[in-house]
Amino acid sequence: MNKSIQTILIILTGMSIACSQQKPEFTLPDVAPPLATVKPFEITSKHGHKRTDNYYWLNDRENPEVIDYLNAENAYLDTMMAHTKGFQVELFNELRARIKEDDSSVPYRLDDYYYYTRYVEGGEYPIYARKKGSLEGAEEIIMDGNELGKGKSFLNFFTSVSPDHNLAAIIMDTVGRNFYTVMIKDLRTGEILPDKIENIRSSAVWTNDNKSFFYSIPDPVTLRNFQVKRHFLGQDSSKDEVVFEEKDQTLSCGVGITKSKKYIIIGSGRTDASYAMFMDADNPGKPKLIAPVQDNVQYSVDHAIGDKFNIYTNLNAVNYRLAEAPVADPSVANWKDLIPHRADVFLEGVEYFKDYYAVQETLEGLANIRIIKWADNSEHQMVFEEPAYSAGIGYNPEFETKTLRYSYTSMTTPNSTYDYDMETKEKTLMKEQPVLGDFDKANYKTERIMVPSRDGKRIPMSIVYRADLFKKDGTSPGWIYGYGSYGASMDAYFSSSRLSLLDRGFVYAIAHVRGGQEMGGDWYEDGKMMNKKNTFNDFIDCSKWLQDNQYVAKDKLFASGGSAGGLLMGAIANMAPELYRGIVADVAFVDVITTMMDETIPLTTFEWQEWGNPNIQEQYEYMLSYSPYDNVEAKDYPNILATTGLHDSQVQYWEPAKWVALLRTKKTDKNRLFLKTNMDAGHGGASGRFESLKELAFEYAFVFDILGISK
């Protein structure tokens, strides 16, 4: 171990023990943070531009010096937050107390079985189970996650049951890097079969004869999904046939099956373009192309009835349209509109059934669901009444049914599962997620504001607060969250954990910034590539609106975001640090240029159409102008908590680690700057429903402690 780091660890360990006995008003210890060694490394672009990265050496998780540094940062964090340890435990218990521990999902029917997941009291992981014939039948355990997770520091798993319901593929990741191992369980006997496949990156998509399944695997260097393979039961996985290989370095492939179960679909794509091939699910042969890849054209393929494919696409339709094409010749020339493009409505997706199809749309940022009958094209629309909400078509695996399952939530309404009779138009509430304790939705109020941006756009912002604690006088603490990338829409949703903020007087806001698709396809296009700064400006404008309109105190606003939302946090920290008392940046993508230049790691070639291609000088210079790591300056910054996972395969741990190391040498303030590295997890943080709450309790304690809130 590096001697200087070893000394720091000894000091910090002692300080941690001493601080744990202090009261909440304890003054932070005067301990110098670890300083990463400066090792200048010159990076030259293809255009000849040179940058010096003093912390490039942190890009090596096998280097003991790197691990020592990360451990030293964790020890420093433990010391500086030691006086909150008791409060963290209280917060964790508070968060956990709202959760019904022996909970279960609403069962869904597939053929003669009812499938569901359930949790037992104290259990970290779900139990996948089913009943045959009726819900009164005997329970069959498909896989108990608590048994599977014994002795493991991390577990993420799911299942895929064969069409005859006799076999289940158990697909699990025990590291956190999204490399999964597949094993097969015979559900009739409980036996685990000899079949074992390692390092896959998808589910198992079964053929209709129950004898084989398809899966995708990553390139071992870039982690781009580049091959689809087929596994026959009983065959050594080393002999699995490569059915398709994606040779284009900018594309990543996957595999699925149509709603009718008639066709297996292989899709390949990047953020701006995709294409698909199909095979007969009864007798798969060589994949047949639907239409070749085109720049800036996305399409996906499904099949419901007859001899036509259903094609969801943005070809000549920025807000997407639904087309159909004959299976015999599904080329673009034969795409005929079922739902044409509309300038004011964003088509989010379609769910298919034997007699109906359900259409999910967005108008002015709010969800809408339409039901259309195949036979005569008659249709009707479902109605939702709250000012800010999220409604979406749920999991509907059964094809021959007139029941649509959908979910509904708002910032005051817990997630609710409904069954909707598409024929009678009757809806049945199947479950509202229970919130234990004294929760009463009537105590909270939600608002939806259209915030004017600096360039004349109107940015949706969803707000929630506890009505009896809110005073519109500019004194309330506030928390604003944002994402704004990949066209991912951050809808207004309920969180029982968020109640710990609201019940302490916080105003909570979600800024639906450009880069998502809350306002349609143009909303995404206007927040990516050479328009990326709109994402940051929108978030800053929403933050200012909260303060200027006295929803939030000017010195009590906190911001958070993760992954690409962590990029947003890094950007606003550089652009408008004076607006925020603190920032929580989870698994933050903050080293844009260096990552985009390195074609050997994830988040590179197949994301060039999201961020930019550094080999093109104009795009390189634009990314360089906002990349958080490259724009750290000698100035005051807010309090910052950056989190990461050592095994993260999506945003590598060294990005937030380098960012914090550089901030330590540049910033001119005395605010808190912490790096928290989970040494056992990846992009999603700790596994298990309660372990993840400990991480959230820590983040809340970080914010509350800054404000002097100790209970």
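Start at 1 with the first residue, then count along the sequence. Only a predicted model underlies this, so the values are computations on that prediction, with no experimental measurement involved.
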With no hydrogens and no angle check, do the side chains of Arg454 and Asn537 hold a donor and an acceptor under 3.5 Å apart? yes
So, are Asp538 and Lys457 salt-bridged, with charged N and O less than 4.0 Å apart? no
Taking C-beta and beyond as the side chain, do Thr409 and Pro414 meet within less than 4.5 Å on heavy atoms? no
Approximate separation, where rounding is to 0.5 Å, of Ile640 CD1 and Phe702 CZ: 8.0 Å
Taking the side chain as every heavy atom from C-beta outward, state whether Ile706 and Phe558 have any pair of such atoms under 4.5 Å apart. yes
Distance-only donor-acceptor check, side chains Asn368 and Glu361, under 3.5 Å: yes
Mark yes or no: Lys427 above the aromatic ring of Tyr420, with NZ or CZ under 6.0 Å from the six-membered ring centre and no more than 45 degrees from the axis. no
Stepwise side-chain contact (heavy atoms from CB on, under 4.5 Å) test for Asn71 and Met679: CA-CA 9 Å; Asn71 283 330; Met679 307 301 281; 3.8 Å; yes
Is Lys150 salt-bridged to Glu147, cutoff N-O under 4.0 Å? yes
Considering only heavy atoms from C-beta outward, does the side chain of Thr412 approach that of Phe494 to under 4.5 Å? no
Centroid-centroid under 6.0 Å between Phe157 and Tyr125 rings: no
Short N-O contact, Glu73 and Arg664, less than 4.0 angstrom: yes
Test Tyr108 against Tyr116 for ring pair (Phe, Tyr, Trp, His ring centres under 6.0 Å), laying out the working first. CA-CA 7 Å; Tyr108 64 84; Tyr116 57 95; 9.2 Å; no
Using the six-membered ring of Tyr524, assess whether NZ or CZ of Lys528 lies under 6.0 Å from its centre and within 45 degrees of the ring axis. yes
Can a donor-acceptor pair be found, under 3.5 Å and without considering hydrogens, that links the side chain of Asn146 to the backbone of Gly123? no
Under 3.5 Å: donor-acceptor pair, side chain of Trp545, backbone of Ile540: no
Between Asp473 and Lys471, does at least one N-O distance fall below 4.0 Å, as a salt bridge requires? no
Is it the case that over 12 heavy atoms from other parts of the model lie below 6.0 angstrom from the NZ atom of Lys431? yes
If you draw a 6.0 Å radius around NZ in Lys100, do more than 12 non-hydrogen atoms from other residues or ligands fall strictly inside? yes
Please step through salt bridge (charged side-chain N to carboxylate O under 4.0 Å, His left out) for the pair Lys441 and Glu432, ending with a clear verdict. CA-CA 12 Å; Lys441 67 178 71 176; Glu432 181 176 284; 3.1 Å; yes
Distance-only, no hydrogens or angles: does the Asp705 side chain make a donor-acceptor pair with backbone N or O of Ala701 under 3.5 Å? no
Test your reading of the model: is there a side-chain donor-acceptor pair from His512 to the backbone of Met490, 3.5 Å cut-off? yes
Do Lys152 side-chain atoms and Leu148 backbone N/O form a donor-acceptor pair below 3.5 Å? yes
Closest non-hydrogen atoms of Arg405 and Asn396, given as atom of the first, atom of the second and distance, are N-OD1, 2.7 Å
How long is the straight-line distance from CG of Leu363 back to CZ of Phe346, given to the nearest 0.5 Å? 12.5 Å
Should Asn678 and Glu695 be marked as a side chain to side chain donor-acceptor pair (under 3.5 Å) after you check the CA-CA gap, both sets of side-chain angles, and the distance that decides it? CA-CA 10 Å; Asn678 188 323; Glu695 293 188 342; 2.9 Å; yes
Are any of the side-chain heavy atoms of Tyr418 and Thr428 separated by less than 4.5 Å? no
Answer yes or no: does atom CD of Glu578 have more than 12 heavy-atom neighbours from other residues, nucleotides or ligands under 6.0 Å? yes
Side-chain donor-acceptor pair present, Glu386, Thr446, cut-off under 3.5 Å: no
Could you tell me if the side chain of Tyr551 sits less than 4.5 Å from the side chain of Ile463, heavy atoms only? yes
Let me see the working for Gln433 and Asp103 under side chain to side chain donor-acceptor pair (under 3.5 Å), right down to the final yes or no. CA-CA 9 Å; Gln433 187 62 39; Asp103 200 10; 2.6 Å; yes
Got a donor-acceptor contact below 3.5 angstrom from the Gln360 side chain to the Glu348 backbone? no
Minimum heavy-atom separation for Ser416 to Thr413, with atom names? OG-CG2, 4.1 Å
For Asp636 and Thr668, which I'm curious about, is there any donor-acceptor pair between the side chains at under 3.5 Å? yes
So, for Leu95 and Ser500, which heavy atoms are closest and what is the spacing to 0.1 Å? CD2-OG, 3.4 Å
Between Ser476 and Val507, which heavy-atom pair has the shortest distance, and what is it? CB-CG2, 4.1 Å
Phe698 side chain reached by Leu641 side chain, heavy atoms, under 4.5 Å: yes
Using the six-membered ring of Tyr493, assess whether NZ or CZ of Arg498 lies under 6.0 Å from its centre and within 45 degrees of the ring axis. yes
Do Lys635's NZ or CZ and the ring of Tyr637 fall within the cation-pi criteria of under 6.0 Å and 45°? yes
Looking only at side chains, do Glu699 and Ser560 share a donor and an acceptor under 3.5 Å apart? no
Tyr408 ring center near Tyr389 ring center (under 6.0 Å): yes
Considering non-hydrogen atoms only, spot the tightest contact between Tyr483 and Thr535 and give its length. O-CG2, 4.0 Å
Using 4.0 Å as the upper bound for N to carboxylate O, is an ion pair formed by Lys554 and Asp548? yes
Is Arg458 paired with Glu364 through a side-chain N to carboxylate O contact shorter than 4.0 Å? yes
Between Glu518 and Arg514, does any side-chain N to carboxylate O distance fall below 4.0 Å? no
Please check this pair: side chain of Asp591 against backbone of Glu655, looking for a donor-acceptor N/O pair closer than 3.5 Å. no
Determine whether the side chains of Gln517 and Ser489 contain a donor N or O and an acceptor N or O closer than 3.5 Å. no
Could you verify whether a donor N or O on one side chain and an acceptor N or O on the other, from Asn156 and Tyr180, lie under 3.5 Å apart? yes
Steps toward side chain to side chain donor-acceptor pair (under 3.5 Å) verdict (Tyr626, Asn574): CA-CA 9 Å; Tyr626 71 74; Asn574 287 330; over 6 Å; no
Would you please indicate if the ring centroids of Tyr700 and Trp479 are separated by under 6.0 Å? yes
Looking at Asp440 and Arg466, is there a salt bridge between them, counting it only when a charged N and a carboxylate O are closer than 4.0 Å? no
Within a strict 4.5 Å, meaning less than it, do heavy atoms of the Leu546 and Met461 side chains meet? yes
Do Lys532 and Ser485 have side-chain atoms, one donor and one acceptor, less than 3.5 Å apart? yes
Going by the ring-ring contact (aromatic ring centres under 6.0 Å, His included) test, name the single residue among Phe439, Tyr465, Tyr508 that passes it with Tyr444. Phe439
Can you establish whether the number of heavy atoms outside Asp102 located under 6.0 Å from its atom CG is more than 12? yes
Is the backbone of Thr117 close enough, under 3.5 Å, to the side chain of Ser105 for a donor and an acceptor to pair up by distance? yes
Taking side chain as C-beta onward, heavy atoms only, is Thr643 less than 4.5 Å from Pro656? no
For the residue pair Val451 and Asp541, what are the closest heavy atoms and their distance? CG1-O, 3.9 Å
